[in-house]
> 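Can you keep this structure in mind? I'll have questions shortly.
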Amino acid sequence: MSIKMGIRMKLISEMEAYAQVHGVPIMEKEGINFLCDWIQKNHIGRILEIGTAIGYSAIRMALCNEQVRVVSVERDDQRYAMAVENVQKAALQDRITLVHEDALEYEAEGMFDLLFIDAAKAQYLKFYGRFEKHLPIGSYIISDNLNFHGFVEHPEIIRSRHLKQMVRKITAYRNFLETDEKLSTEFFDVGDGIAISRKKAEK
Ligand code: SAM
């Protein structure tokens, strides 16, 4: 292993530990490993990520393949600042562009092979609607946390009204992915539930 790769591996372990101690909701290991395999197999290059947190998944995705370029959007000040620091430590500034903005106000530029949605769960449909025009036919949308810690399958165990509302929105988004005629979607019981959708038509 090269010194650079050693530094990156150490950084990734440190980020995982930091996220655990400070309760930062980064992707589960099983989920990110699945995503990396998929990115490699499908020769994905341009990725737009919604929800950077501290830069963990952006760094992991960039390391899947030399050709990967990530634009990642985060609205939280402290997390964005940490992501900038982590991307610098990983020496990936030339392949990861961090955007400090609410994704619902962000004007993306260019086209992407993959839209990876991993931000506010209740807003998934809005994120998709906002960035759909940046996805050519044949590109993909990956949505994380669609099981929402098991609550989507067992809504009867939920007490809080806020949580119930959130689960209703995630369920509606899942239904949208399943029924929208422009998309073909597969659900995977990996990590906290991942959907991979492919855009097959514009209208
Ligand atoms: N993808 C990251 C990873 O696995 O390393 C984890 C992202 S975390 C689950 C979700 C992040 O989305 C949070 O840091 C949150 O601040 C951010 N977020 C939520 N809604 C957002 C929005 N509308 N625009 C930008 N960021 C948002």
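In each ligand, atom 1 is the first atom listed, and ligand 1 is the first ligand listed.
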> Is any NZ, NE, NH1 or NH2 atom of the basic residue among R130 and E107 found under 4.0 Å from an Asp or Glu carboxylate oxygen of the other?
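Yes, this pair counts.
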> Could you list the residues that satisfy side-chain hydrogen bond (donor to acceptor under 3.5 Å, both in side chains) with R69, not counting sequence neighbours?
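By the side-chain hydrogen bond (donor to acceptor under 3.5 Å, both in side chains) rule, R69 matches no residue at all.
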> Got the residues with a heavy atom under 4.0 Å of ligand 1, by chain and number?
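The answer is P25, I26, M27, E49, G51, T52, A53, Y56, S57, V73, E74, R75, D76, R79, E101, D102, A103, D118, A119, A120, F127, counting any residue whose heavy atom sits under 4.0 Å from ligand 1.
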> Quick one: side-chain hydrogen bond (donor to acceptor under 3.5 Å, both in side chains) partners of H134, sequence neighbours excluded?
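Per chain and number, H134 pairs via side-chain hydrogen bond (donor to acceptor under 3.5 Å, both in side chains) with no residue.
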> Sequence neighbours excluded and cut-off under 3.5 Å, please list the side-chain donor-acceptor pairs for residues 108-125, or say none.
from: D113; atom 1: OD1; to: R46; atom 2: NE; distance (Å): 3.4
from: D113; atom 1: OD1; to: R46; atom 2: NH2; distance (Å): 2.7
from: D113; atom 1: OD2; to: G45; atom 2: N; distance (Å): 3.0
from: D113; atom 1: OD2; to: R46; atom 2: N; distance (Å): 2.7
from: K121; atom 1: NZ; to: A119; atom 2: O; distance (Å): 2.9
from: K121; atom 1: NZ; to: Y124; atom 2: OH; distance (Å): 3.3
from: K121; atom 1: NZ; to: N145; atom 2: OD1; distance (Å): 2.9
from: Y124; atom 1: OH; to: I117; atom 2: O; distance (Å): 3.4
from: Y124; atom 1: OH; to: D144; atom 2: O; distance (Å): 2.9

> Under 4.0 Å between a Lys/Arg side-chain N and an Asp/Glu carboxylate O for E14 and K10?
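So E14 pairs with K10 through a salt bridge.
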> What is the ring orientation for Y140 with W38, classed by angle as parallel under 30°, tilted 30 to 60°, or perpendicular over 60°?
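Perpendicular, since the angle between the ring planes exceeds 60°.
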